[in-house]
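Naming convention: chains lettered A, B, ... in sequence-line order (proteins, then strands); numbering from 1 in each chain. Predicted model only: the values in this text are computed from it and were never measured.
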Number of protein chains: 2
Amino acid sequence: MHDQHSQALKGLKLKATPKRLAILNLLAEESVYTSPEEIWRKLQGKFGRLGLPTVYRNLEELAAGGMISKVIHPNRQLYYYFCPNRHHHHHFICISCRKVEDIDFCGMEEITKNVSGTVLSHIVQVNGLCRACSNRQEGGAS
Amino acid sequence: MHDQHSQALKGLKLKATPKRLAILNLLAEESVYTSPEEIWRKLQGKFGRLGLPTVYRNLEELAAGGMISKVIHPNRQLYYYFCPNRHHHHHFICISCRKVEDIDFCGMEEITKNVSGTVLSHIVQVNGLCRACSNRQEGGAS
DNA sequence: TGCGTAAATGGAAATCATTTCTTTTTAGAA
DNA sequence: TTCTAAAAAGAAATGATTTCCATTTACGCA
């Protein structure tokens with residue numbers, strides 16, 4: 001896994017620095033979306049020190065390279081790692097536990113048909129409660 | 001139109017102040033997405049004065065009431081007015097002229113089928129060039 | 001038609017996530 | 001091992017958005 005990441009970084013012409021790998025590994029551990037600040041906090045102490053701007057810079061570069069994705073959020077940057085070899089998939093995010101799941105449907109073909117201009121990009125994000133959180137809520141006393 | 005807006009505001013328990021109506025009318029004139037700052041600039045001079053916080057506050061209230069919509073944008077608030085009586089439609093936005101068009105397709109039913117949890121909300125936005133901007137680009141010399 | 005009150009507004013100041021700047025350190029190719 | 005471009009630290013800047021609070025205003029009701 002570590003090695004796989006290093007290779008991927010090489011492909012993007014990004015150096016495989018320990019901090020960059022740590023950020024990537026942290027995100028890859030779980031499919032859960034995370035804020036830069038949170039990543040920064042979790043990695044403090046290791047490597048001597050880690051600057052918050054470094055986290056921001058790395059996340060942006062990794063997202064630009066397609067290794068991680070960004071959650072649509074009105075006033076925050078949130079990133080998650082997902083399925084490196086499956087491109088162009090959309091995700092279902094659990095607003096409770098922040099887990100990210102794949103959605104096996106896009107629907108863009110149909111949408112494109114209904115647009116008279118040129119489609120350049122599209123955003124699809126489904127928000128909700130994952131099975132586990134949904135059950136927990138159902139069962140829980142109010 | 002003016003009256004229609006007043007009625008709608010009444011329904012939302014928002015007072016039909018001149019400034020609020022002016023913001024709404026400005027957005028309703030064209031289906032083009034606009035920033036708070038731009039609205040503020042355009043309305044300066046009329047009404048003596050208009051505070052930027054007032055614009056922000058109003059846009060937020062109007063969006064909460066479903067009278068206007070928000071563009072998905074990573075670091076800016078952009079709003080547009082669209083089809084007051086057609087709810088739950090998605091839009092195609094032209095990144096060149098900023099015009100907003102309706103998309104007659106959602107695809108949420110199918111998406112929902114593929115999700116194991118509970119869907120609470122979803123975001124769909126298609127970005128591109130409208131017919132006019134697309135043609136202009138094609139024809140123009142580089 | 002005039003009052004009273006909750007809502008709306010202005011303007012200044014605060015917030016705060018994100019970015020920029022500059023210097024120092026480091027990965028990795030030669 | 002050396003060299004160079006990329007990466008990182010830390011402090012400071014940015015800038016869109018929000019908050020605060022004193023003042024004004026819309027509009028329901030008498």
Engineer: Does a side-chain N or O of Thr17(B) approach OP1 or OP2 of dT9(C) to a distance below 4.0 Å, or not?
Structural biologist: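 Indeed, a polar side-chain atom of Thr17(B) lies that close.
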Engineer: Tyr56(B) has a side chain; which of dA7(D), dT18(C), dA16(D) sits nearest to it?
Structural biologist: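 That would be dA16(D).
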Engineer: Heavy-atom nearest nucleotide on DNA chain C for Lys19(B) versus Lys15(B): which residue maps closer to 5'?
Structural biologist: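 Result: Lys15(B).
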Engineer: Find the distance Arg76(B):CZ to dT14(D):C1' and express it as a whole number of Å.
Structural biologist: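 Value for this atom pair: 14 Å.
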Engineer: For DNA chain D, whose closest nucleotide is more 5', that of Ala16(B) or that of Glu37(B)?
Structural biologist: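 In this pair, the answer is Glu37(B).
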Engineer: How close or far is atom C1' of dA8(D) from atom CH2 of Trp40(A), stated in whole angstroms?
Structural biologist: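 One finds 15 Å between C1' of dA8(D) and CH2 of Trp40(A), rounded.
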Engineer: It should be established whether Gln77(A) places a side-chain nitrogen or oxygen under 4.0 Å from OP1 or OP2 of nucleotide dT19(C).
Structural biologist: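 So the side-chain polar atoms of Gln77(A) do come within 4.0 Å of the phosphate oxygens OP1 or OP2 of dT19(C), strictly under.
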Engineer: Figure out the CG/P separation between Leu78(A) and dA17(C), and round it to whole Å.
Structural biologist: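 Roughly 12 Å, once rounded to whole Å.
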Engineer: Using a 3.5 Å distance criterion without hydrogens, assess whether the side chain of Gln44(A) forms a donor-acceptor pair with backbone atoms of Leu50(A).
Structural biologist: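 Indeed, once roles are kept as given, a pair shorter than 3.5 Å links the two residues.
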Engineer: Quick check against the 3.5 Å criterion: does Arg76(B) have a side-chain atom that pairs as donor or acceptor with the backbone of Ser35(B)?
Structural biologist: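 Not at all, since once roles are kept as given, no pair shorter than 3.5 Å links the two residues.
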Engineer: Not counting sequence neighbours, which residues clear side-chain hydrogen bond (donor to acceptor under 3.5 Å, both in side chains) with Thr17(A)? List them please.
Structural biologist: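 Checked Thr17(A) against side-chain hydrogen bond (donor to acceptor under 3.5 Å, both in side chains); zero matches.
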Engineer: dT9(C) phosphate, OP1 or OP2: any side-chain N/O from Asn58(B) under 4.0 angstrom?
Structural biologist: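 The answer is yes; a side-chain N or O of Asn58(B) sits under 4.0 Å from OP1 or OP2.
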Engineer: If you assign Leu14(B) and Pro53(B) each to the DNA chain C nucleotide with the nearest heavy atom, which residue ends up on the more 5' nucleotide?
Structural biologist: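 Whichever sits nearer the 5' end wins; that is Leu14(B).
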Engineer: Using the rule given for ring-ring contact (aromatic ring centres under 6.0 Å, His included), can you reason through Tyr33(A) versus His91(A), listing the C-alpha separation, both sets of side-chain angles and the distance that settles it, and then say yes or no?
Structural biologist: CA-CA 11 Å; Tyr33(A) 63 84; His91(A) 300 113; over 10 Å; no
Engineer: Can you tell which of Leu59(B), Leu62(B), Val32(B) makes a side-chain contact (heavy atoms from CB on, under 4.5 Å) with Leu27(B)?
Structural biologist: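 Among the candidates, only Leu59(B) passes.
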Engineer: To the nearest Å, how far apart are Glu61(B) CD and dA6(C) C1'?
Structural biologist: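 Glu61(B) atom CD is separated from dA6(C) atom C1' by 13 Å.
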Engineer: Looking at Thr54(A), I'd like to know whether one of its side-chain N or O atoms comes within less than 4.0 Å of OP1 or OP2 on dA9(D).
Structural biologist: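 Yes, such a contact exists.
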Engineer: What contact category does Pro18(B) fall into here, base, sugar-phosphate, or nothing, at under 4.0 angstrom with non-hydrogen atoms?
Structural biologist: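 Sugar-phosphate contact only - Pro18(B) comes under 4.0 Å of backbone atoms but never of a base.
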Engineer: Nearest to the Leu52(A) side chain among dA8(D), dT9(C), dT18(C), which nucleotide is it?
Structural biologist: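 For Leu52(A), the side-chain atoms sit closest to dT18(C).
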Engineer: For Leu9(B) and dA6(C), give me the distance from atom CG to atom C1', rounded to whole Å.
Structural biologist: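 Whole-Å distance recorded here is 17 Å.
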Engineer: Please state how far atom CG in Leu24(A) lies from atom P in dA7(D), giving the value in whole angstrom units.
Structural biologist: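 It works out to 14 Å between those atoms.
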Engineer: How long is the line joining CZ of Arg20(B) and C1' of dC27(D), in whole Å?
Structural biologist: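 These atoms are roughly 13 Å apart.
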Engineer: To the nearest Å, give me how far apart CD (Glu60(A)) and P (dT20(C)) are.
Structural biologist: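 From Glu60(A) CD to dT20(C) P: 8 Å.
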